[in-house]
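A quick write-up on the structure given underneath.
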2 protein chains.
Amino acid sequence: MSKVDKEAIIRAAEEVVREKGARKLTLDAVAAQCGLSKGGLVHHFRTKQALLQAMLESAIGCETELAEEYAAGGGETGGPLASRIHSMFALMEDEKSLPRALIAAVAEDPALLEPIKSKEAKVRSELLTTCSDPEMALLLLSAARGLFLGRVLGVLDSDDPIFERLHTRLLKLAADLD
Amino acid sequence: MSKVDKEAIIRAAEEVVREKGARKLTLDAVAAQCGLSKGGLVHHFRTKQALLQAMLESAIGCETELAEEYAAGGGETGGPLASRIHSMFALMEDEKSLPRALIAAVAEDPALLEPIKSKEAKVRSELLTTCSDPEMALLLLSAARGLFLGRVLGVLDSDDPIFERLHTRLLKLAADLD
DNA sequence: GCTACCATACCGACCAGTTGGTTGGTTTTG
DNA sequence: CAAAACCAACCAACTGGTCGGTATGGTAGC
């Protein structure tokens, strides 16, 4: 059994971005963060791009998992829109679960966000067909993403009490749609 | 009279980010983009941080100007919420006017976004006092920002016809609030 | 007019530190 | 043992920033 696996490296990389900023996400820094030499790190991810891709995939996976959990958990709590809103807010709750890989990736090479872009498109098209008022659904989704990205970029604090109120209000509005 | 002024340098820097990504926003690249030697560039902005700060200030200025124009233009078209929504969409219309300095700055040092953070807080607190339904106002603002940041990060295309529909819908909803 | 002086804009060579990635070898594990 | 995991040393390219110097234009005194 290996001392560190890819998941651990990804978490370490995310931690580096959180502590020192996306610009300082270097192979050396990640290696140091997870107690590995640079050589050892490169053994797992041959290039920095590969690491960034893995970070993004992990982020997408986390979000999808949370959404599916929510959708499976309470049948009457809402459709796909509510699931997405829920998963975003779940990620926002903990400072450490915010996928700052987004910043590092888009700074390195915007093309890396392609998987995210296509997944977003898929979610949007789903809402267009399942919701009674697709426009409003997209607006609510955008609102959640606005708060989410605001948190990721660090221009929003989540300790503001208004945050939770917006969360419940969003879910309530979403419940009337899907 | 100088051949290049600070405004031109800022535009050149924004162009570099647009073409090559935030990570490639280097003093050399900016100097080359505006036909200046690195020495000449550093003469105008002593450090890269100073350049980034100026880029952010310029972005804030642009947005504020657009919002004030709109507010002054049509008295009945809406209050501060509508003005903000309008200014964001105005910036989104043109690929070149998207302030990608945001990405470069947050990657370099998240603390650089402090001016933006405090301005956002100011806008929010204004909405809290002037709107009949502050929660909904914040949601609409967040929706606009979600679309805006989606465009800045490049995960959203503006050529989608749904975009304009969301714009008008947002303004309509905003009109009922402030 | 001419000189001496100064400030601004700009250049391009240079430097120290950083970065992504390679290589050749060692340890660990199944 | 063979493969996988890992390491230390190294390298070439890049990066932010410095430095000494040039070109230009204004201006004060004579």
Side-chain angles (χ1 to χ4, degrees), chain A residues 1-58 100-101 103-113, chain B residues 1-56 58 100-101 103-112:
Chain A
M1 170 173 146
S2 57
K3 222 163 143 192
V4 305
D5 61 352
K6 302 207 180 208
E7 282 300 327
I9 293 176
I10 290 172
R11 276 195 303 273
E14 203 76 56
E15 186 69 9
V16 169
V17 180
R18 200 171 68 90
E19 288 178 357
K20 315 200 223 186
R23 187 67 190 291
K24 294 279 180 66
L25 180 71
T26 68
L27 297 182
D28 290 275
V30 174
Q33 178 70 34
C34 58
L36 216 59
S37 72
K38 180 151 64 171
L41 168 61
V42 173
H43 174 75
H44 288 283
F45 296 101
R46 288 233 285 270
T47 66
K48 191 184 179 184
Q49 275 221 3
L51 172 58
L52 284 168
Q53 279 169 6
M55 291 173 78
L56 288 181
E57 273 174 37
S58 166
R100 275 172 256 252
I103 301 171
V106 74
E108 187 77 27
D109 178 6
L112 284 169
L113 294 197
Chain B
M1 174 174 150
S2 57
K3 220 162 145 188
V4 305
D5 60 352
K6 304 210 179 205
E7 282 298 327
I9 293 176
I10 290 172
R11 277 195 303 272
E14 204 75 57
E15 187 69 9
V16 168
V17 180
R18 199 170 69 91
E19 288 178 358
K20 316 202 222 184
R23 185 68 189 290
K24 295 276 181 66
L25 180 71
T26 68
L27 297 183
D28 290 278
V30 175
Q33 179 68 35
C34 59
L36 217 58
S37 72
K38 178 148 69 170
L41 168 61
V42 173
H43 173 76
H44 288 282
F45 295 101
R46 287 233 285 268
T47 67
K48 190 183 178 183
Q49 276 221 2
L51 172 58
L52 284 168
Q53 279 169 6
M55 291 173 78
L56 288 181
S58 166
R100 275 172 257 252
I103 301 171
V106 75
E108 186 78 27
D109 177 7
L112 284 170

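In the text below, chain A, chain B and the rest are named by the order of the sequence lines, each starting its count at 1.
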What integer distance in Å separates [X]:[atom1] from [N]:[atom2]?
X	N	atom1	atom2	result
Phe45(A)	dA5(D)	CZ	P	12 Å
Gln49(A)	dT19(C)	CD	P	18 Å
Glu108(A)	dG20(C)	CD	C1'	10 Å
Lys24(A)	dG17(C)	NZ	C1'	12 Å
Lys48(A)	dG20(C)	NZ	P	4 Å
Lys6(A)	dC6(D)	NZ	C1'	14 Å
Leu51(A)	dG20(C)	CG	P	10 Å
Leu41(A)	dA4(D)	CG	P	18 Å

Given Leu25(B) and Met55(B), is the side-chain contact (heavy atoms from CB on, under 4.5 Å) satisfied, shown in steps?
-> CA-CA 12 Å; Leu25(B) 180 71; Met55(B) 291 173 78; 4.3 Å; yes
Evaluation steps, side-chain contact (heavy atoms from CB on, under 4.5 Å), between Leu36(A) and His43(A) | CA-CA 10 Å; Leu36(A) 216 59; His43(A) 174 75; over 6 Å; no
State which of [options] makes the closest approach to the side chain of [X].
X	options	answer
His43(A)	dT22(C), dA4(D), dA9(C)	dA4(D)
Arg23(A)	dC11(C), dA9(C), dT15(D)	dT15(D)
Asp28(A)	dT15(D), dC10(C), dG20(C)	dG20(C)
Thr26(B)	dG20(C), dG16(D), dG21(C)	dG16(D)

Output the distance between atom CZ (Phe45(A)) and atom NZ (Lys6(A)), rounded to the nearest 0.5 Å.
->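 Taking CZ in Phe45(A) and NZ in Lys6(A), the distance rounds to 5.0 Å.
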Rounded to the nearest 0.5 Å, what's the gap from CZ on Arg11(A) to SG on Cys34(A)? Could you check?
->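 Going from the CZ atom of Arg11(A) to the SG atom of Cys34(A) covers 10.0 Å.
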Looking at Glu15(B) and Arg18(B), does any basic side-chain N land under 4.0 Å from a carboxylate oxygen?
-> yes
Touch check for Leu36(B), heavy atoms < 4.0 angstrom, all strands: base, sugar-phosphate only, or nothing?
-> sugar-phosphate
With sugar-phosphate meaning primed atoms plus P, OP1 and OP2, does Leu25(A) contact a base, only sugar-phosphate, or nothing at under 4.0 Å between heavy atoms?
-> sugar-phosphate
Closest heavy-atom contact between Arg100(B) and Glu14(B)?
-> N-OE2, 2.6 Å
List the steps and the verdict of side-chain contact (heavy atoms from CB on, under 4.5 Å) for Asp109(B) and Arg23(A).
-> CA-CA 8 Å; Asp109(B) 177 7; Arg23(A) 187 67 190 291; over 6 Å; no
Restricting to nitrogen or oxygen on both sides, can you table the protein-nucleotides 8-11 of chain D pairs closer than 3.5 Å?
none

Taking only side-chain nitrogens and oxygens of His44(A), does any of them come within less than 4.0 Å of OP1 or OP2 of dC6(D)?
-> yes
